[in-house]
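The analysis underlying the following values was restricted to heavy atoms, covering all of them including side chains, and did not include hydrogens, waters or symmetry mates.
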Amino acid sequence: MRKTKKQLLGLAGLAAVGIMTAVAYSLPTPAAAAENEPTSVEAGAQVQVRVLGADVKAEFISPSDGGNSVNADTKVSVDFNKANELVYQLTFKKDANSTPITIPLGSKGTYTIPAELQDKAGVHNFDLDLDSYGYGFGEYTLQVVARGTNHTSYVDTVTFRYSAATAEITGTEKNGDPNLEVDINVVVDKIAVTVYDKKGNPLTDKDGNPLIVELDRDAIDPETGNFNITLPFEEYNAEDGEYTIITTAYDKNGDILTIITTPFNYKWVDPNKPDADTPNTGFLTIGDLNITRLDYLLTGLIAFALVAGFALYLIARRNRNDR
């Protein structure tokens, strides 16, 4: 009888150890927990820690270098450190071959940093209305010079485009047809989209009619403010390969405002074929099968319980045979 009790106590101990191990394994690691926590929180507000360097500095937060927007209103934000003054310069180029034109910024050209911030880090924000300068669409370059004490300075520059329209592929349908998103400026009245293969031939249907999608402002998605277009590659019997999508934007007089080329690599997909991709939602992966951490723990605990139950059954049966 004592031997049986010891065996039962041993099994109970093993079960307890297994449960505690499973619970400990399921808890997030300190690194993972830290990734989801703000740096510091006081009274419900997040506190951002700023490191004060030893030298004068100024860097653009926005606009982003290489950005492209259809909006004339440009948010300018500059992170500065130990500066007395920020001096801005804006230049414009109509195209790559044009001579840069310096645009006077008036009162926005110079920002004198308050005395209490001249030995600290801070952020300077202001708005630029590109339409107000009268140069229209093209390439803009904004420079900031941070001036500190002892004639020290720091320069940062960003170049961005102000466009009548932008176009990008945002995804594909189940059959591989591309989804094109076109964002337009307020002066654009309509757009036309055409498609060409890598040899320069237009994509046509079985009757030889080229694929042309023409849309006016009534077709704008009210939720996104953009044109959302699914181009019917499959319907036009497009072969797999490289294509160029041409988007042309027109004003109300029918004049071309901009032409955008968007490359796309098309591959037809059988829409009736089940998706072979397994959603990657699991923690453990075996071949193409994803198993979550919880699935793994539950399976282990169930297996442990079955083994323990079978052992108890054997002990009870042996006790009956020993009587």
Side-chain angles (χ1 to χ4, degrees), residues 28-94 96 98-163 166 168 183 185-186 225:
T29 62
E35 289 178 355
N36 297 324
E37 292 293 330
T39 304
S40 176
V41 177
E42 296 180 3
Q46 183 170 340
V47 178
Q48 183 180 5
V49 178
R50 297 175 62 85
V51 180
L52 183 64
D55 301 322
V56 60
K57 197 171 185 179
E59 293 183 340
F60 282 102
I61 302 172
S62 65
S64 59
D65 190 39
N68 190 6
S69 176
V70 299
N71 298 315
D73 295 329
T74 303
K75 305 293 182 182
V76 180
S77 184
V78 173
D79 197 352
F80 65 83
N81 181 63
K82 287 196 172 183
N84 301 330
E85 186 180 63
L86 301 178
V87 179
Y88 296 93
Q89 177 178 288
L90 181 66
T91 57
F92 168 79
K93 290 175 62 176
K94 188 66 177 178
S98 302
T99 302
I101 300 172
T102 300
I103 301 175
L105 291 177
S107 60
K108 293 182 178 181
T110 302
Y111 173 65
T112 302
I113 297 173
E116 63 271 17
L117 293 177
Q118 291 185 2
D119 196 40
K120 300 178 181 179
V123 178
H124 180 221
N125 302 301
F126 65 98
D127 295 332
L128 282 179
D129 180 6
L130 299 180
D131 280 343
S132 66
Y133 301 114
Y135 291 96
F137 305 121
E139 182 181 274
Y140 290 82
T141 298
L142 185 60
Q143 180 189 83
V144 60
V145 179
R147 294 175 178 170
T149 57
N150 299 325
H151 304 289
T152 56
S153 63
Y154 188 95
V155 180
D156 192 28
T157 304
V158 291
T159 299
F160 56 96
R161 292 198 63 83
Y162 174 38
S163 302
T166 62
E168 64 174 338
D183 193 8
N185 184 269
V186 293

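Residues meeting the side chain to side chain contact (heavy atoms under 4.5 Å, CB included) test with N125, sequence neighbours left out: S77, V123. Partners of F92 according to the ring-ring contact (aromatic ring centres under 6.0 Å, His included) rule, which considers only residues two or more places apart in sequence or in another chain, are Y135, Y140. By the salt bridge (charged side-chain N to carboxylate O under 4.0 Å, His left out) test, K57 is found to be paired with E59, residues two or more places apart in sequence or in another chain being considered. By the salt bridge (charged side-chain N to carboxylate O under 4.0 Å, His left out) test, K108 is found to be paired with no residue, residues two or more places apart in sequence or in another chain being considered. Judged as a side chain to side chain contact (heavy atoms under 4.5 Å, CB included), and not counting sequence neighbours, the contacts of P114 are Y111, E116, L117. With sequence neighbours left out, D127 forms a salt bridge (charged side-chain N to carboxylate O under 4.0 Å, His left out) with K75. Residues that satisfy the side chain to side chain contact (heavy atoms under 4.5 Å, CB included) test with T102, not counting sequence neighbours, are Q89, T91. Taking N68 as the reference, S163 meet the side-chain hydrogen bond (donor to acceptor under 3.5 Å, both in side chains) condition, with sequence neighbours excluded. Shown here are the side-chain hydrogen bond (donor to acceptor under 3.5 Å, both in side chains) partners of T110, two or more places apart in sequence or in another chain: there are none. With sequence neighbours excluded, the residues satisfying side chain to side chain contact (heavy atoms under 4.5 Å, CB included) with D73 are D129.
In plain terms, the two heavy atoms of V70 and D183 that are nearest each other are CG2-OD2, 3.4 Å. Counting all heavy atoms, side chain and backbone alike, A121 lies closest to N81 at CB-OD1, 3.7 Å. In plain terms, the two heavy atoms of V56 and G148 that are nearest each other are CG2-N, 4.0 Å. Closest non-hydrogen pair, V78 versus A58, comes out as CG1-CB, 4.0 Å.
The backbone N or O of I113 lies less than 3.5 Å from a partner atom in the side chain of Q118, making a donor-acceptor pair. Side chain of S62 to backbone of S64: no donor-acceptor contact under 3.5 angstrom is found.
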request  = Apply side-chain contact (heavy atoms from CB on, under 4.5 Å) to the pair Y88 and L128, showing each step before the final yes or no.
outcome  = CA-CA 12 Å; Y88 296 93; L128 282 179; over 6 Å; no
Evaluation steps, side-chain contact (heavy atoms from CB on, under 4.5 Å), between L142 and F160: CA-CA 8 Å; L142 185 60; F160 56 96; 4.3 Å; yes
Please assess F60 against H124 for the test ring-ring contact (aromatic ring centres under 6.0 Å, His included), listing each intermediate value before the final yes or no.
-> CA-CA 10 Å; F60 282 102; H124 180 221; over 10 Å; no
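Y162 and N185 form a side-chain donor-acceptor contact under 3.5 Å, judged by distance and modelled atom types alone.
Here N84 contributes atom CG and T112 contributes atom OG1; the two are 9.0 Å apart, rounded to the nearest 0.5 Å. One finds the CG atom of L130 at 10.5 Å from the CZ atom of F137 (value rounded to the nearest 0.5 Å).
Under the side-chain hydrogen bond (donor to acceptor under 3.5 Å, both in side chains) criterion, the residue pairs touching residues 151-161 are T141-T159, with sequence neighbours excluded. Pairs engaging residues 136-151 under the salt bridge (charged side-chain N to carboxylate O under 4.0 Å, His left out) rule: E85-R147 [sequence neighbours left out].
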